[in-house]
Amino acid sequence: MRENDRVTSATRRPGTPASTLPPRLIATDLDGTLLRDDKSVSPRTVAALAAAEQAGIEVFFVTGRPARWMDVVSDHVHGHGLAICGNGAAVVDLHGGPGAHRFVKIRELARENALDAVRLLRDAAPGTVVAVEQTYGFHQEPDYPKMHMEAPDTLAPAEELLAPDGPGAGEPVLKILAYHHEIAPDDFLMTARLAIGDRANVTRSSPSALLEISGPGVSKASTLALCCAERGISHEEVVAFGDMPNDVEMLSWAGRSYAMGNAHPDVIAAASGRTVANNEDGVAVVIERILAEHG
């Protein structure tokens, strides 16, 4: 199912008090949040997630990762087993296990928008190199650095990768990855947002100058809002966790939200609360407290 409608309600007014309603859904980022730095899920966190599901609270993994990198949590799927991947570009059923994930919803980046975004960004930041993330394929320019877990399917200029008859032509583009060797990460993000405008949504989750460019209006927050609306869950009944700029909208939208102890300053400003760092099981600490409060 492809879905590109914007969700205009995925915002919460600054200064809105954190919700005191019993939570019905927990939305957690993975890297730097649920996962420890070694990419493991601690026994304490596994137990907290299982206890939340047993108490009737749905758990959504909400990540910038593509579906094929979700093996880190495939053993910890409970209940519905859905995850939001690619910063909101896809909703994925994880029950099939690694390599057998089923795409439930896709919010693609149109190739025309992607080409416009690359052109505008290169005009503003010469030297930018890009990669293209699709539902199943991964393609990159020859100068794009080796930063990911896999070898690219194709090496070619962006204009060729994003051409109507380019690699994976029948497969949706989920996001563009844009890297710069010299510009500071936050400066690169600001430059890209000003240059690209509403042609695409731009964010970042890496400590390096690596940007993630999705379709207009596509974010963790907007796709989470869609999933919650389908379940009759209000934003006041959502508890969210994150650590990087790609989590800001989600944390601002959720009724109760927590920045990790290791979070980016923008995340701390957006969240209604704060927990300890990912290596100290910050998500589990809050879940345990919530279950004790509403048990």
- Task: Tell me, with the steps shown, if Lys175 and Asn201 meet side-chain contact (heavy atoms from CB on, under 4.5 Å).
- Result: CA-CA 9 Å; Lys175 65 179 180 179; Asn201 189 59; over 6 Å; no

- In sequence, state the C-alpha distance, the side-chain angles, and the governing distance for Leu211 and Phe188, and then conclude on side-chain contact (heavy atoms from CB on, under 4.5 Å). CA-CA 8 Å; Leu211 304 182; Phe188 193 31; 3.5 Å; yes

- Query: Below 4.0 angstrom, N of the basic side chain to O of the carboxylate: do Arg24 and Glu236 qualify?
  - Reply: no

- Item | Cationic N near anionic O, under 4.0 Å, Glu293 to Arg256 | yes

Does anything in [range] form a salt bridge (charged side-chain N to carboxylate O under 4.0 Å, His left out)? List the pairs, not counting sequence neighbours.
range	result
residues 279-288	Arg36-Asp281, Arg44-Glu288
residues 262-276	none
residues 153-170	Arg122-Glu159

- Reference residue Phe241; test side chain to side chain contact (heavy atoms under 4.5 Å, CB included); the match among Asn278, Val286, Leu30: Val286

Check: [X] side chain, [Y] main-chain N or O, donor-acceptor pair, under 3.5 Å:
X	Y	answer
Ser40	Ser42	no
Glu249	Lys220	no
Ser257	Ser272	yes
Glu212	Thr203	no
Arg204	Ser206	yes
His180	Pro126	yes
Asn113	Arg199	yes
Glu141	Ala158	yes
His235	Trp253	yes

Regarding [X] and [Y], do their side chains bring together a donor and an acceptor under 3.5 Å, going by distance alone?
X	Y	answer
Asp186	His264	yes
Ser234	Glu237	yes
Asn87	Ser214	no

- Message: Using the rule given for side-chain contact (heavy atoms from CB on, under 4.5 Å), can you reason through Arg107 versus Thr223, listing the C-alpha separation, both sets of side-chain angles and the distance that settles it, and then say yes or no?
- Response: CA-CA 9 Å; Arg107 305 182 69 199; Thr223 300; 2.8 Å; yes

- Show your working on side-chain contact (heavy atoms from CB on, under 4.5 Å) between Ile84 and Lys105 and close with a plain yes or no. CA-CA 9 Å; Ile84 295 172; Lys105 186 189 301 291; over 6 Å; no

